[in-house]
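Chain A is the first sequence line, chain B the second, and so forth, proteins listed ahead of strands; every chain is numbered from 1.
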Protein chains: 2
Amino acid sequence: MAIAGTTSDRGQSLGEIGVVRSDGSSSPIPEATLTRLPVYMRGLVEVAEDGVTTVSSRQLADLAGVNAAKVRKDLSHLGAHGKRGVGYDVNRLLTEISGALGGSVTPVVIVGAGNLGRALSRYDGFMAGGFPVVALIDSDRSLEGRMISGVPVTHVDEMDAVVAATGCQLGIVATPAHAAQEAVDRLVAAGLRSVLNFAPAVVSVPSEVQLRKVDLATELQILGYYEHVRISQEATGQAVG
Amino acid sequence: MAIAGTTSDRGQSLGEIGVVRSDGSSSPIPEATLTRLPVYMRGLVEVAEDGVTTVSSRQLADLAGVNAAKVRKDLSHLGAHGKRGVGYDVNRLLTEISGALGGSVTPVVIVGAGNLGRALSRYDGFMAGGFPVVALIDSDRSLEGRMISGVPVTHVDEMDAVVAATGCQLGIVATPAHAAQEAVDRLVAAGLRSVLNFAPAVVSVPSEVQLRKVDLATELQILGYYEHVRISQEATGQAVG
DNA sequence: AGGGGCTTGTGCATTCATTCACATGTCATG
DNA sequence: CATGACATGTGAATGAATGCACAAGCCCCT
């Protein structure tokens with residue numbers, strides 16, 4: 001385990017991204033804003049179906065469960081101009097957000113055809129969001145060639161071919177923890193530059209690769225903490241009151 | 001849709017929690033730190049199995065994929081005192097973190113026995129993390145009484161009884177979006193105060209309830225954004241270079 | 001016993017995110 | 001056309017998280 005650096009700490013450094021400005025497009029949308037844009041989209045789609053054509057920042061804030069100032073600042077990042085005194089045009093805003101997020105349909109591949117991988121391959125939200133799952137990949141030869149909920153399962157040795165054939169750009173890792181690093185390495189070797197990791201393991205990637213993590217057990221543990229604190233609080237609170 | 005406030009914005013306000021100090025215990029561990037504690041735990045368990053008894057902040061940082069200063073600051077929040085010049089005792093640290101996070105085993109209930117709900121009920125990580133799934137709840141009468149991967153399915157009308165009988169304190173919502181609000185409402189009515197929502201919907205809860213959200217489609221959309229930016233960047237970069 | 005090499009804990013600076021508050025602008029109505 | 005109600009966009013204030021650098025402390029070796 002190589003350790004670099006003479007004085008002081010310094011760990012992983014996130015690669016810069018989205019800082020282009022040259023061609024006028026793509027400003028650097030902050031992470032925090034990015035996580036909310038899809039939520040706004042859902043709210044907008046909802047009201048659009050009811051025939052609403054204009055929303056104020058406050059209405060959208062209510063739909064998204066945030067406050068209005070945040071909505072406005074978020075939207076200002078994509079240059080989406082609403083009309084003062086009026087609000088935002090629903091359809092225009094939908095187009096703008098969708099465009100900022102990438103717009104077109106992007107196929108994804110899932111590595112790991114266990115419980116989680118299968119469930120994810122069936123998850124409607126991916127397809128609905130423009131991310132069809134086009135391949136499942138597993139190291140188990142006995143699954144090779146099978147279809148699972150309409151998605152063909154391929155052996156991990158053919159990953160390169162599958163990725164190339166399907167034109168996938170996003171990879172999802174749903175393997176056990178011990179297999180996660182290899183899964184990611186192979187995805188990267190196959191040319192992918194964006195990976196979503198569901199395995200409860202820390203994996204490292206080259207700096208040009210975007211890695212996001214969804215840690216299911218951790219989410220519960222955080223809730224567990226608050227529950228724990230709340231209960232201790234009540235206990236002491238009773239004593240006091 | 002009631003809108004309050006005369007001047008200016010102001011939306012949801014997060015309930016304060018963990019700010020007790022009266023009894024000396026439970027300092028207010030910041031969110032950001034909370035999300036990393038479980039990751040440290042995994043790293044510690046890993047090295048503990050290899051017989052390691054002491055780790056430095058830098059070693060732990062490598063295991064967790066963060067930098068050493070962050071590790072030290074995080075650990076300082078739980079008063080975990082390491083030894084200068086030496087490091088942290090692995091077992092002691094495990095005990096401390098585990099204790100801070102709540103310690104004991106907490107049973108959870110999952111609402112929604114669809115694909116996602118079933119997959120989550122089978123997810124090993126929950127059990128391993130001390131969160132056994134003890135009940136699945138669905139509105140489909142035809143599932144009532146069945147066992148799915150060892151977990152009994154109950155109808156939603158009996159939620160109160162199930163929650164009471166099993167002593168659940170954490171609820172997971174894995175319903176379709178349109179059913180999420182009702183699912184949460186029922187969980188809260190049954191007495192739960194901590195909910196993890198997987199449904200792609202904005203739900204509101206009373207201020208004393210802790211709500212966390214895992215938004216699978218959004219995660220992909222964020223990756224999609226970076227992919228999008230990267231590609232435009234390359235395109236313009238080629239033109240320039 | 002004392003020196004040198006490590007490592008913790010933390011004050012400080014910096015960056016990122018949130019929120020406030022208001023000037024600027026739009027629309028509808030009389 | 002003028003007035004008033006309403007909303008945006010954004011500087012500025014606040015707050016949270018990160019990362020740095022160093023004093024204080026521990027251990028081993030001679």
Looking at every heavy atom in both A:Val90 and A:Ala48, which two are closest together, and how far apart are they?
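It is CG1-CB, 3.8 Å.
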Considering all heavy atoms, the nearest B:Ala68-B:Arg58 contact
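Closest heavy-atom pair between B:Ala68 and B:Arg58: CB-CA, 3.9 Å.
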Checking contacts here: which listed nucleotide ([options]) is nearest the side-chain heavy atoms of [X]?
X       : options                : result
A:Lys73 : C:dT18, C:dA17, D:dG19 : C:dT18
A:Arg84 : C:dT10, D:dC27, C:dA23 : C:dA23
B:Ser56 : D:dG9, C:dT8, C:dT18   : C:dT8
A:His81 : D:dT18, D:dG9, D:dA17  : D:dG9
A:Pro30 : C:dT8, C:dC20, C:dA17  : C:dA17

Would you say the side-chain atoms of A:Glu227 and B:Ser194 include a donor-acceptor pair closer than 3.5 Å?
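Looking only at side-chain atoms, B:Ser194 and A:Glu227 do form a donor-acceptor pair, the distance falling under 3.5 Å.
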Measure from [atom1] on [X] to [atom2] on [N] and round the result to the nearest Å.
X       : N      : atom1 : atom2 : value
A:Leu78 : D:dT8  : CG    : C1'   : 14 Å
B:Arg72 : D:dG19 : CZ    : P     : 12 Å
B:Glu31 : C:dA17 : CD    : P     : 15 Å

Are A:Ser76 and D:dG9 close enough that a side-chain N or O sits under 4.0 Å from OP1 or OP2?
no
